[in-house]
Every structure is written in structure tokens, then in C-alpha cells.
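The structure under discussion appears below in the form of C-alpha cells.
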Amino acid sequence: MLEVHDLAGRRGHADLFAGVDFRVPAGGAVVVTGPNGTGKTTLLRMLAGLSAPAAGEIRLKGHKVAPFAPELRAAVAYAGHLPALKDELTAEENLSSLVRLAGGTAGPDAMRSALDRVALGRRRSLPARVLSAGQRRRIGLARLALLERPVWILDEPVTALDAAGIGLLATLVHDHLDRGGAAVLATHQALGLEPSRVQSLVLGG
Amino acid sequence: MSGMALRSPAPAAFEAAAGRTADGALAGLRWAAARDLRLALRSRAELGVQLLFYVIVVALFPLSMTPERNLLATMGPGVLWVAALLASLLSLPRLFATDHADGTLEQIALSPYPLEALVAGKVLAHWLTTGLPVALLAPLLALQYYLDAGSVAVLVAGLLLGTPILSLLGAVGAALTLGLRGGGGSLLALLILPLYVPVLIFGAGAVDAARAGLGATANLSLLGAGLALALVGTPFAAAAAVRIALD
Amino acid sequence: MNHWHFILGAYGVTVLAMVVEILAARARRRAALEAARAGADAPVPGAQLSGTGGPG
Amino acid sequence: MALNWYRFSSPATFYPLAGRLVPLFGWGAAVLAAVGLWLGFVVAPTDFQQGEVYRIIFIHVPSAWMSMFLYVVMAFWGALLLGFNTRLSGMMAQAIAPTGALMTFIALWSGALWGRPTWGTYWAWDARMTSELILLFLYFGIIALRQAIGDPRRADRACAVLALVGVVNIPIIYFSVKWWNTLHQGASVKLTGSSMETTMLAGMLVMSFAFWFYAIAVVLARVRTIVLERERGAAWVAELPEARSA
């Protein structure tokens, strides 16, 4: 599904990593770990097509993809550090806005049931401003469930989530892999995925 | 795991999702314009403040010079146009900076909709909330400068054609200076004001030409040509600048 | 002030500006060479990959 | 011999080549300037109308031409960077900006000093001088944008976009300023009088080449420094004789 050959990342004059190779098959996942500042976020942003690698190449379904390539944008669901919410909009408005931005259709009942699933049903008409960080992160989980994207790239997805939230995330990722999706996660949190499906990539070793 | 079993779309849905890359530039433009307008209307106070800035700047010139009728009439159009430039400049950070700060700009850049269309939609929303009100308010402020009806008509026509160009060019500057120190303020002004000069010259000049009996059609048509050129070119430059800023 | 003052003023500043630009370029070059002599950066960290990579 | 551009597009091979060209163009500029000044001050007659002060033309016009020419060249290298992602073209664009700004300043300065005895004021909102002033703001915009962006990669690409938007606007700005000027002042006073003496024209052309060679020499010297700054960690920099000694 997603292959990476001899990838290298720089920030300014500093070389972050080099010679990174891995392949994420359908139904497989790569968990990226490593101390802070070793370029986990930079690597994930490259995979999502947000930034260009200093060297090496990224292939999606066998074809080389450049940053912001249309096929990459259509295939990837990216969740970065920031939950991408507008404080002035309510939880439901934020969710429908993000889903429609990703080309999906956002019917009111689909929104409501998605929010119910992440235990935000009663708070759907509250402006995002008043929601806690965990609740804002759950809106991101609801978005992931609604987007039918084959490749998930999640950067520290567990931040601010409580135990129930992490369980929810683990279920989402598990189902995604079951459906033949691929995932790259930067997290130190064990998500209880079958070891047979998971590769671990340690940066800065 | 305590989470409820989530509904999971069948694998076939993946190909469909990928296939359905929305080529709809129009859909992207509509999404961005509608969202930004809703956000702007949610913080109406901020819009009011920016319009008041325009009004205050226009009122400063008579105070700083003379209330004398003829002088005010000659410099009226220029003052109103410079104030329109500054009002547009001050509201440009709203275009991308907040989205950049809360992470939505990444999602916008990664959307299947073309980024150029999304940027154009944001610029449309920006113009509707700054350029248009400035143009509609101009006749009222023109009273302070004893402008006759004919001049006011040409002034408003010029503003209606010119302010969209200010938003379009400003979008490129706003995207280039995303996330930089002093990005929204003086650096943006330094980058963009030189590019505003032709709009200022033809806009303010239209009223002078009309008053001199030469007629303003030449100036207004040049503004129209400028608008067409800006509409075609700047979304691509601004989209490229956004991608560069996100890198 | 006769014409020659203005001519001198124009040419003088031009030459002065060019000399300043050349000196600035040389100073910048010396600084770059100093930095280069400070030696190459730390070796680039590699990455360990482990695990089977899942089905298929 | 088909010149293989790609071979020179890598900084490592370009660095020595530029090193050989800098003195060549530097001395070339000096010789041309000497000939030009000799033509301008010895051969060219005293103008019946303006006396001696017209001799400022020999730096005013060449620097004005260079200021616009360098902006277009900078935009060209910027387009090359955005199109082909060749790092070296980004460095070339960066190297050109300061010299372009300098040429614009020289044009404005010499124009003002020429205007004072001729029109009685240092600044007369003449169409050409006003557009030259706006061009100076455009250069300052490019330089300020680069200073504000730390990362050289993003700075190159952002300045490339700004230069391209700027280069499209330069003719528009020039046209609008000319339009504004004729509306308010009538045709601007011709600086160069009716017909150009052949020797004056020759002097001006030679001086233009002198300025051009000077610009090439300084830009190439600066781009070599930029290559050193950006390729600091690279192996080939370490082996450079000048980097090893002292």
C-alpha cells in the first residue's frame, strides 16, 4: 500500500534521519517511536505529502508520489498534533465541515451517530472552545471513522485521550486494519494490535 | 476493549472514496467561502472593529490638515482609497493565520478539492467581509469630503472593482508570511503595498479623471482588466505559497 | 554648488556603494569558510525496523 | 560539446567554475568602466543646455537598466527553482537580490543628483524615478521576506513566488505610474535632451556592459559564499583548500 525507500529528513542544517526503508502492506501498521526531536513528526508529514523529503522516495500503491499529489491526498487521512477544530464552531459543525472538506457527505444523522459513538452526543451543539482537549481529540476520532480513506497517518493520536478514548482509538485502528487499510502511527502507547500486523520503526537509534 | 463496535465501511468503499476525489473546484470554493463567512459572522464584533478602523482613518485627514472645502474635495478620493488599502491589509491575517494556528490549514491543503479553489473561496469570504463593506460605506464618508454625486458614483465603482484585487493580492502576501515573526504586520505591508500601487492609482485617478471631464471609463476598465488578471493568477500563487509555508 | 559637485556626489556614492558591497561579500565569505572549517556535522542517525509487517 | 547543464547545476561542480569566472568578470568590468568613463568625460562634449551635469547619465541609465534586468533574472531563477527544484537556482536568486537593490539605489541617487541642478529639486515625481522607487520597495520586500524565514529551503521558494508575482507587476506598476504622471504633470521632462550624441550613446552602452560585468562578478562571488554556507556539512566542502588551511 505504502512504501518508503531510503528516506532522509532535514530541518535547517540538522539531519534528522536517513536511509529509512519500510513497506506498509494492506492490513499492516507501522508504529514509529524514538526520543523527542528525532523527526517522527517530520517523517509522518512527509508520508502525508505535506513536506518534501531531503532524499529518497515515497510510493503509494507502487507509484511514486510527490508532496500534495492528488492521489495521495485522496488516499490519506492525516491527524497531526493539532485537532484542526475551529473554536467558534460547534462540535457537530466542526465534524461536518471537516468531513465535507475531505470530499465526504455529512448528513445530520451520520454526524449525530458518529458523535454518539465517541461519547460526544450530548455535547454536539457546544462550541469547540468549551470542550476539553480529550473531547476535541474525540471529534478527530469521529472524523477518522467517517472518512473512508485507505491510509491513516496519526501523529501522537493518544494525546489528551482518557482510557476509554484510547480503547476507542484501538478499536478504530483495529477495524481499519481488518478492512484492509494501512496505518502509520507515531505513539509510545500500546494499542493492543496483533504483533503479527505491526512493524516497529525506532528513529534516532 | 470497552469502545462500542464501530460501523466499518466495506473494503470496496476504499476504491470508491479514492475514486470520488472531488474534482469539483466549485465545491471547494463553496465550502471555503461558506465556512469562512460563517466563522466571520460568528465573530461579528471583529468585523465591526475593522470597519471602524476605516472610518477613523478617513476622519483623521481633515483633522490633520484643514476643513477647507476645496482642498478636502481634491484629496477625498485619495484618502478614501488609502484607507481602503490599509483596512484590507489589516484584515489579511484572518485569511490563513488562524487556520494555520489550529491545524485546519493542513487539512485544507490535504483536501481532495484543489487548494487553488479553496483559497479563492477564502478570498471571496474575505472580500465580502472587508472590501464590500468599505465600498458600501464610502458614499457616507465621502460627505466629509464634500464629494459631489458624480464623483461618489465613480469612487464606489472603483472600490467595487479594486477591493477584490486587494484581497486577491493580499492573499499571496498573507500566505507567504504565514507563521513568521511580524508576519501579519509590517512585513506583509512591505510585501503587498507596492503591488497595491496600480490599484490605488487607477482607483483614485478614476475620480480625478471624471472630475476633469475626461471620464472614468478608461480607469475603471483598467481596474476591471486588473481584476481579471488577479482572479486568474493569484489563487495559484497563494496556493503555492500555502504549500511552501506548510512544508 | 556647481555641476561638478553633483557629478562627484553621484559617482562617489556609486563607487562607495560598490566597494562596500564587495567588502561585505568578502567578509561573508570569510565567515562561511570559518564555519566550514569548524568541521562537518554529527553523523546522521539511522533507524531500526523490526517486526514482520503483517499479512499479505 | 553539448553543455550539460545538469553537470553544473550541482553546487559542488559549480563552485570552482564560479571561482574562475569571478576575477574574469571583475577585471572585465573594471576595463569596460575605464573605457566608458574615458568616453563619457573626455570624448563627450559639454552639453549646450545642461553643461556638465548630464554626465551623470553614464551611471544613472546603466544602473536603472540593471535594476530591472536583475529583478527579471532573479524571477527567472526563482521560476527554475519552483519548476525543476534545482537547489542552485534558489541560491542564485538569493545572491542577486542585494546587488539588484544596490543598482536601484544607485539609479535613484544619481537621478536625484542629476535632477537638482536640472529641475531645481532632488525629487520631482518623474514617472521613471517613481517606478524605480517602487522597484526598490519590491527588492526590500524580497530581502525582508528572506530574513524573516529561517529555513533556507522555504525562504528560496517563498522568495521565488514573491519575485514571480513582482515581475508580473513591474510593467503594470510602470504603466500605471506613467499614466498617473501624464494625467497630473503632462509629459515628463526628457532627461536626455532631443537626440543622443553618438559618443554619449557609446559611453552609456559601454558603461552598461561594465555594470553588467560588475553585477555578474559580485553575484557569482556571493553565490559561492551561499553555497559554502548551505553545504557546510558536505564532504566536498571539507576538502576545499581554503577550507582546510589556517
Side-chain angles (χ1 to χ4, degrees), chain A residues 26 45 48-52 67-68 70-89 93-94 97-98 100-104 113-114 116-118 127 141 143 145-150 163-172 174-176 178-181 192, chain B residues 1-24 27-28 30-32 34-36 38-46 98-116 118 121 239-240 242-247:
Chain A
R45 282 172 65 85
L50 280 170
S51 72
F68 298 104
E71 58 277 8
L72 194 60
R73 299 198 327 254
V76 165
Y78 172 71
H81 287 301
L82 303 167
L85 301 177
K86 302 305 290 186
D87 289 347
E88 302 91 344
L89 298 180
E93 284 169 340
N94 266 305
S97 173
L98 285 171
R100 268 184 292 108
L101 173 63
S113 58
D116 290 339
R117 256 173 253 118
V118 291
L141 296 184
R143 178 180 89 95
L146 285 170
L147 292 192
E148 293 132 353
R149 290 288 173 80
I166 294 174
L168 209 50
L169 171 68
T171 314
L172 270 178
H174 186 274
D175 288 356
H176 177 66
D178 278 352
R179 292 196 302 273
Chain B
M1 285 167 290
S2 60
M4 288 164 291
L6 278 169
R7 174 183 61 77
S8 54
F14 287 151
E15 277 55 38
R20 200 173 3 82
T21 43
D23 53 16
R30 257 206 320 275
W31 178 88
R35 169 191 172 257
D36 271 28
R38 185 192 299 178
L39 283 172
L41 296 181
R42 283 280 163 84
S43 50
R44 263 188 304 280
E46 194 192 335
T98 46
D99 287 347
H100 184 61
D102 55 35
T104 37
L105 193 59
E106 283 175 349
Q107 301 301 338
I108 289 172
L110 290 177
S111 153
Y113 296 137
L115 184 54
E116 290 74 13
L118 293 162
V242 165
R243 290 194 194 100
I244 289 168
L246 287 174
D247 187 337

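When reading the values below, keep in mind they use all heavy atoms of this one structure, side chains included, and skip hydrogens, waters and symmetry mates. Letters go in sequence order (proteins before strands), and every chain restarts at 1.
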Could you tell me which non-hydrogen atom of A:Leu82 sits nearest to which non-hydrogen atom of B:His100, and how far apart they are?
CD1-O, 4.4 Å

Partners of B:Asp99 by salt bridge (charged side-chain N to carboxylate O under 4.0 Å, His left out), sequence neighbours excluded?
A:Lys86, B:Arg35, B:Lys122

Between B:Pro112 and A:Ala102, what is the shortest heavy-atom contact and its length?
CG-O, 3.5 Å

A:Phe68 portion near chain B, given a 4.5 angstrom heavy-atom threshold:
side chain

Applying a strict 4.5 Å limit to non-hydrogen atoms, the region of A:Leu85 in contact with chain B is backbone

Walk me through it: do A:Leu101 and B:Leu118 pass the test side-chain contact (heavy atoms from CB on, under 4.5 Å)?
CA-CA 9 Å; A:Leu101 173 63; B:Leu118 293 162; 4.1 Å; yes

Could you tell me which of A:Ser51, A:Gly165, A:Ala84 has the largest number of non-hydrogen atom pairs under 4.5 Å with chain B?
A:Ala84

Strictly distance-based, threshold 3.5 Å: is any side-chain N or O of B:Gln107 a donor or acceptor partner for the main-chain N or O of A:Tyr78?
yes

A:Gly103 and B:Tyr113: which non-hydrogen atoms are nearest, and at how many Å?
CA-OH, 4.0 Å

Most heavy-atom pairs under 4.5 Å with chain A, out of B:Ile244, B:Leu246, B:Leu110, B:Leu115, belong to B:Leu110

Among residues at least two apart in sequence or on other chains, which ones pass side chain to side chain donor-acceptor pair (under 3.5 Å) with A:Ser113?
A:Arg117

Segment of B:Ala101 engaging chain A (4.5 angstrom heavy-atom cut-off)
backbone

What part of A:Arg45 gets within 4.5 angstrom of chain B, counting heavy atoms only: side chain, backbone, both, or neither?
side chain

Heavy-atom closest pair, residues B:Ser111 and A:Arg73:
O-NE, 2.7 Å

Using every non-hydrogen atom in the two residues, find where A:Glu88 and B:Arg42 come nearest and quote the distance to one decimal.
O-NH1, 3.1 Å

